[in-house]
Amino acid sequence: MSLPETPEGVLRVVAGQCSSAGPKPDNADAVALQVPDAADPEQAALLRTKGVVAALADGLSSAAAGREAAESCVLGFIGDYYATPALWSVPRAAQRVLEALNRWLYRQTRAGEGHLCTLSVLVLRGGRAHLFQVGDSRIWRWRAGRLECLTRDHQRRLGGRPVLTRAMGGDARLEVDYLQTELLPGDRFLLTSDGLHHALSAEEMAQRVGDQNDPDTQARRLIDDAGHPGVRR
(Lines give C-alpha, C1' and ligand atoms only; values in the text may rest on other atoms or scores of the structure.)
Protein backbone atom coordinates (compact mmCIF):
# COMPACT_ATOMS: atom_id res chain seq x y z
CA MET A 1 0.00 0.00 0.00
CA SER A 2 1.60 3.28 -1.07
CA LEU A 3 0.75 6.98 -0.80
CA PRO A 4 1.63 8.82 -4.02
CA GLU A 5 2.45 12.54 -4.02
CA THR A 6 -0.85 14.47 -3.90
CA PRO A 7 -2.00 18.01 -3.17
CA GLU A 8 -1.80 18.87 0.53
CA GLY A 9 -4.72 17.46 2.53
CA VAL A 10 -5.71 14.90 -0.13
CA LEU A 11 -5.35 11.20 0.73
CA ARG A 12 -4.71 8.98 -2.27
CA VAL A 13 -3.74 5.35 -1.84
CA VAL A 14 -2.58 2.68 -4.29
CA ALA A 15 -2.83 -0.84 -2.87
CA GLY A 16 -2.22 -4.44 -3.87
CA GLN A 17 -2.29 -7.88 -2.26
CA CYS A 18 -1.15 -11.45 -2.72
CA SER A 19 -1.34 -14.61 -0.60
CA SER A 20 0.02 -18.11 -1.08
CA ALA A 21 0.17 -21.34 0.90
CA GLY A 22 3.85 -21.71 0.08
CA PRO A 23 5.15 -25.15 1.13
CA LYS A 24 2.11 -25.80 3.35
CA PRO A 25 -0.85 -27.85 2.04
CA ASP A 26 -3.36 -25.13 3.01
CA ASN A 27 -3.26 -21.36 3.06
CA ALA A 28 -4.37 -20.14 6.51
CA ASP A 29 -3.75 -16.46 5.72
CA ALA A 30 -6.50 -13.99 4.87
CA VAL A 31 -6.13 -10.43 3.64
CA ALA A 32 -8.63 -7.71 2.77
CA LEU A 33 -8.45 -4.10 1.56
CA GLN A 34 -11.05 -1.37 1.42
CA VAL A 35 -10.29 1.88 -0.43
CA PRO A 36 -13.44 4.02 -0.65
CA ASP A 37 -13.93 5.72 -4.02
CA ALA A 38 -13.56 9.48 -3.59
CA ALA A 39 -15.57 10.05 -6.79
CA ASP A 40 -18.72 8.53 -5.24
CA PRO A 41 -20.46 10.82 -2.71
CA GLU A 42 -21.28 8.04 -0.22
CA GLN A 43 -17.84 6.49 -0.54
CA ALA A 44 -16.20 9.91 -0.24
CA ALA A 45 -17.98 10.38 3.10
CA LEU A 46 -16.57 7.05 4.32
CA LEU A 47 -13.12 8.07 3.14
CA ARG A 48 -13.32 11.22 5.26
CA THR A 49 -14.78 9.61 8.39
CA LYS A 50 -13.31 6.09 8.30
CA GLY A 51 -10.42 6.22 5.83
CA VAL A 52 -8.70 3.32 4.08
CA VAL A 53 -8.37 -0.09 5.74
CA ALA A 54 -6.03 -3.04 5.22
CA ALA A 55 -6.24 -6.17 7.37
CA LEU A 56 -4.19 -9.37 7.46
CA ALA A 57 -4.81 -12.43 9.62
CA ASP A 58 -2.92 -15.71 9.92
CA GLY A 59 -4.77 -18.74 11.26
CA LEU A 60 -2.85 -20.78 13.80
CA SER A 61 -1.69 -24.08 12.34
CA SER A 62 -2.48 -25.79 15.65
CA ALA A 63 -6.09 -24.56 15.56
CA ALA A 64 -8.71 -26.68 13.82
CA ALA A 65 -10.50 -23.62 12.45
CA GLY A 66 -7.57 -21.24 12.07
CA ARG A 67 -8.30 -20.49 8.44
CA GLU A 68 -11.97 -19.77 9.16
CA ALA A 69 -10.95 -17.50 12.03
CA ALA A 70 -8.59 -15.53 9.80
CA GLU A 71 -11.23 -15.03 7.11
CA SER A 72 -13.84 -14.03 9.68
CA CYS A 73 -11.48 -11.48 11.20
CA VAL A 74 -10.47 -9.59 8.07
CA LEU A 75 -13.91 -9.59 6.45
CA GLY A 76 -15.73 -8.97 9.72
CA PHE A 77 -13.46 -6.13 10.72
CA ILE A 78 -13.81 -4.24 7.46
CA GLY A 79 -17.56 -4.73 7.23
CA ASP A 80 -18.25 -3.75 10.84
CA TYR A 81 -15.70 -0.92 11.05
CA TYR A 82 -17.31 1.00 8.20
CA ALA A 83 -20.70 0.53 9.85
CA THR A 84 -19.67 2.26 13.11
CA PRO A 85 -20.99 5.79 13.81
CA ALA A 86 -19.32 8.51 11.75
CA LEU A 87 -18.47 10.56 14.85
CA TRP A 88 -16.50 7.74 16.51
CA SER A 89 -12.73 8.11 16.44
CA VAL A 90 -10.67 5.50 14.62
CA PRO A 91 -9.36 3.92 17.87
CA ARG A 92 -12.82 3.76 19.43
CA ALA A 93 -14.45 2.24 16.35
CA ALA A 94 -11.67 -0.29 15.78
CA GLN A 95 -11.50 -1.36 19.42
CA ARG A 96 -15.26 -1.95 19.60
CA VAL A 97 -15.17 -4.04 16.43
CA LEU A 98 -12.12 -6.04 17.52
CA GLU A 99 -13.66 -6.82 20.90
CA ALA A 100 -16.89 -8.05 19.28
CA LEU A 101 -14.95 -10.22 16.82
CA ASN A 102 -12.85 -11.68 19.61
CA ARG A 103 -15.92 -12.54 21.69
CA TRP A 104 -17.44 -14.43 18.77
CA LEU A 105 -14.20 -16.29 18.02
CA TYR A 106 -13.69 -17.13 21.70
CA ARG A 107 -17.19 -18.62 21.94
CA GLN A 108 -16.41 -20.85 18.95
CA THR A 109 -13.11 -21.90 20.51
CA ARG A 110 -14.81 -22.71 23.80
CA ALA A 111 -17.39 -24.76 21.91
CA GLY A 112 -14.67 -27.09 20.70
CA GLU A 113 -13.10 -25.71 17.51
CA GLY A 114 -10.00 -23.57 17.75
CA HIS A 115 -10.93 -20.29 16.06
CA LEU A 116 -7.51 -18.71 16.61
CA CYS A 117 -5.54 -16.30 14.44
CA THR A 118 -3.24 -13.31 14.45
CA LEU A 119 -4.53 -9.98 13.19
CA SER A 120 -2.83 -6.82 11.93
CA VAL A 121 -4.98 -3.86 10.90
CA LEU A 122 -3.87 -0.62 9.24
CA VAL A 123 -6.24 2.35 8.97
CA LEU A 124 -5.20 5.44 6.99
CA ARG A 125 -7.36 8.47 7.69
CA GLY A 126 -6.51 12.07 6.96
CA GLY A 127 -2.84 12.55 7.76
CA ARG A 128 -2.50 9.67 10.25
CA ALA A 129 -1.89 5.94 10.16
CA HIS A 130 -3.53 3.85 12.90
CA LEU A 131 -2.13 0.37 13.62
CA PHE A 132 -3.81 -2.42 15.62
CA GLN A 133 -1.88 -5.60 16.39
CA VAL A 134 -2.61 -9.03 17.91
CA GLY A 135 -0.11 -11.87 17.40
CA ASP A 136 2.98 -12.12 15.21
CA SER A 137 1.89 -10.90 11.81
CA ARG A 138 3.52 -7.53 11.15
CA ILE A 139 3.03 -4.03 9.73
CA TRP A 140 6.00 -2.33 8.11
CA ARG A 141 6.57 1.19 6.81
CA TRP A 142 8.92 2.02 3.93
CA ARG A 143 10.05 5.63 4.01
CA ALA A 144 13.01 7.26 2.24
CA GLY A 145 14.50 3.90 1.30
CA ARG A 146 14.26 2.35 4.78
CA LEU A 147 11.86 -0.41 5.84
CA GLU A 148 10.87 -0.32 9.52
CA CYS A 149 8.67 -2.77 11.43
CA LEU A 150 6.12 -0.73 13.39
CA THR A 151 4.62 -3.63 15.36
CA ARG A 152 5.99 -6.09 17.88
CA ASP A 153 5.45 -9.85 17.91
CA HIS A 154 3.41 -11.24 20.78
CA GLN A 155 5.39 -14.38 21.46
CA ARG A 156 7.90 -16.00 23.78
CA ARG A 157 10.21 -18.95 23.44
CA LEU A 158 9.17 -22.23 25.06
CA GLY A 159 11.40 -25.26 24.73
CA GLY A 160 13.41 -23.43 22.09
CA ARG A 161 10.34 -22.70 19.95
CA PRO A 162 8.38 -19.45 19.59
CA VAL A 163 4.90 -19.58 21.12
CA LEU A 164 2.21 -16.94 20.65
CA THR A 165 1.17 -15.10 23.79
CA ARG A 166 -1.81 -13.35 22.15
CA ALA A 167 -4.27 -14.42 19.47
CA MET A 168 -7.74 -13.48 18.36
CA GLY A 169 -10.17 -15.96 19.94
CA GLY A 170 -7.69 -17.13 22.55
CA ASP A 171 -9.05 -15.32 25.60
CA ALA A 172 -12.26 -13.63 26.66
CA ARG A 173 -10.32 -10.43 27.33
CA LEU A 174 -8.62 -8.96 24.27
CA GLU A 175 -5.41 -6.95 24.56
CA VAL A 176 -4.56 -4.99 21.41
CA ASP A 177 -1.40 -3.00 20.67
CA TYR A 178 -2.25 0.40 19.20
CA LEU A 179 -0.01 2.92 17.49
CA GLN A 180 -0.70 6.02 15.47
CA THR A 181 1.83 7.85 13.36
CA GLU A 182 1.96 10.71 10.89
CA LEU A 183 1.63 10.04 7.16
CA LEU A 184 4.00 11.55 4.64
CA PRO A 185 3.62 11.56 0.83
CA GLY A 186 5.44 8.57 -0.61
CA ASP A 187 5.04 6.37 2.49
CA ARG A 188 4.55 2.69 1.72
CA PHE A 189 3.11 0.11 4.11
CA LEU A 190 3.53 -3.66 4.03
CA LEU A 191 1.51 -6.22 6.02
CA THR A 192 3.13 -9.65 6.34
CA SER A 193 2.51 -13.00 7.98
CA ASP A 194 5.40 -15.06 9.37
CA GLY A 195 5.64 -17.10 6.18
CA LEU A 196 7.07 -14.01 4.48
CA HIS A 197 9.09 -12.21 7.12
CA HIS A 198 10.67 -15.45 8.35
CA ALA A 199 11.78 -16.29 4.80
CA LEU A 200 13.13 -12.88 3.79
CA SER A 201 15.31 -10.36 5.58
CA ALA A 202 14.16 -6.77 6.11
CA GLU A 203 16.76 -5.71 3.53
CA GLU A 204 15.35 -8.11 0.92
CA MET A 205 11.80 -6.93 1.55
CA ALA A 206 12.90 -3.27 1.43
CA GLN A 207 14.41 -3.77 -2.01
CA ARG A 208 11.17 -5.19 -3.36
CA VAL A 209 8.87 -2.65 -1.64
CA GLY A 210 11.07 0.20 -2.85
CA ASP A 211 11.00 -0.73 -6.52
CA GLN A 212 8.85 1.14 -9.04
CA ASN A 213 6.36 -1.64 -9.78
CA ASP A 214 2.70 -1.33 -8.84
CA PRO A 215 1.73 -2.75 -5.39
CA ASP A 216 0.13 -5.90 -6.83
CA THR A 217 3.34 -6.74 -8.67
CA GLN A 218 5.43 -5.95 -5.61
CA ALA A 219 3.26 -8.28 -3.51
CA ARG A 220 3.47 -11.13 -6.03
CA ARG A 221 7.25 -10.81 -6.31
CA LEU A 222 7.66 -10.78 -2.54
CA ILE A 223 5.76 -14.08 -2.41
CA ASP A 224 7.96 -15.46 -5.19
CA ASP A 225 11.11 -14.33 -3.38
CA ALA A 226 9.93 -15.99 -0.16
CA GLY A 227 9.73 -19.28 -2.06
CA HIS A 228 13.35 -18.85 -3.10
CA PRO A 229 15.13 -17.07 -0.19
CA GLY A 230 18.25 -15.18 -1.24
CA VAL A 231 17.26 -15.21 -4.92
CA ARG A 232 16.40 -11.89 -6.61
CA ARG A 233 14.67 -11.80 -9.98
Side-chain angles (χ1 to χ4, degrees), residues 17-34 50 53-84 88 90-123 130-140 149-159 161-179 190-199 219 223 226:
Q17 58 184 311
C18 185
S19 181
S20 170
K24 296 181 179 180
D26 297 307
N27 186 359
D29 290 353
V31 62
L33 295 164
Q34 186 73 34
K50 298 301 176 186
V53 178
L56 181 147
D58 181 9
L60 273 63
S61 58
S62 59
R67 180 178 180 179
E68 290 82 354
E71 292 176 349
S72 296
C73 270
V74 298
L75 296 177
F77 181 87
I78 287 182
D80 293 347
Y81 171 75
Y82 280 102
T84 57
W88 282 11
V90 171
R92 181 184 183 188
Q95 185 69 30
R96 292 289 185 89
V97 172
L98 289 171
E99 289 174 350
L101 282 170
N102 183 71
R103 285 194 298 269
W104 183 84
L105 292 170
Y106 182 66
R107 286 198 296 269
Q108 309 312 307
T109 298
R110 293 275 293 176
E113 285 196 337
H115 281 66
L116 303 169
C117 66
T118 71
L119 181 62
S120 297
V121 174
L122 173 66
V123 179
H130 302 262
L131 289 72
F132 304 88
Q133 173 74 13
V134 179
D136 65 353
S137 45
R138 298 177 183 175
I139 302 176
W140 309 71
C149 185
L150 300 180
T151 56
R152 67 184 181 96
D153 295 350
H154 300 138
Q155 63 177 221
R156 61 185 176 87
R157 300 199 71 82
L158 183 64
R161 299 181 61 185
V163 177
L164 279 183
T165 56
R166 292 190 211 171
M168 294 292 294
D171 195 282
R173 179 179 177 274
L174 179 65
E175 187 176 355
V176 181
D177 281 0
Y178 169 66
L179 170 71
L190 174 68
L191 281 68
T192 65
S193 63
D194 59 3
L196 185 69
H197 55 247
H198 285 175
I223 295 295

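The shortest non-hydrogen separation linking G169 to L105 is CA-CB, 3.6 Å. Of all non-hydrogen atoms in S137 and D153, the two that sit nearest each other are O-OD1, 4.4 Å. Across all their heavy atoms, L119 and C73 have their closest contact at CD1-CB, 4.1 Å. Between T84 and A93, the shortest heavy-atom distance links the atoms OG1-CB, 3.4 Å. The two residues H115 and T109 have their closest heavy-atom pair at N-OG1, 3.0 Å. When every heavy atom of L60 is checked against every heavy atom of A167, the shortest pair comes out as CD1-CB, 4.4 Å.
Distance CG/L191 to OG/S120: 6.0 Å, rounded to 0.5 Å. One distance of note links CZ of R138 with NE2 of H198; it measures 5.0 Å at 0.5 Å rounding. For the atom pair CH2 of W140 and NE2 of H197, the computed distance is 7.0 Å after rounding to the nearest 0.5 Å. A distance of 4.5 Å separates CD in Q17 from CG in L33, rounded to the nearest 0.5 Å. Rounded to the nearest 0.5 Å, atoms CD (Q108) and CZ (R103) are 13.0 Å apart.
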Before giving the answer on side-chain contact (heavy atoms from CB on, under 4.5 Å), spell out for Y106 and L174 the whole-Å C-alpha distance, their side-chain angles and the decisive distance to 0.1 Å.
CA-CA 10 Å; Y106 182 66; L174 179 65; over 6 Å; no
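Applying the side chain to side chain donor-acceptor pair (under 3.5 Å) test to D29 and every residue at least two apart in sequence or in another chain returns S193.
Not a single donor-acceptor pair under 3.5 Å links the side chain of D171 to the backbone N or O of R166. At least one donor-acceptor pair under 3.5 Å links the side chain of Y81 to the backbone N or O of K50. Under a 3.5 Å cut-off, the side chain of T118 and the backbone N or O of D58 do form a donor-acceptor pair. Y178 places no side-chain N or O within 3.5 Å of a backbone atom of Q95 that could act as its donor or acceptor partner. Looking only at distances, a side-chain donor or acceptor of T151 sits under 3.5 Å from a matching main-chain atom of I139. Of the possible donor and acceptor atoms, one in the side chain of Q133 sits under 3.5 Å from a partner among the backbone N and O of G135. Of the possible polar contacts, none joining the D136 side chain to the H154 backbone as a donor-acceptor pair under 3.5 Å is found.
Among E68, E71, M168, the one residue that satisfies the side chain to side chain contact (heavy atoms under 4.5 Å, CB included) test with C117 is M168.
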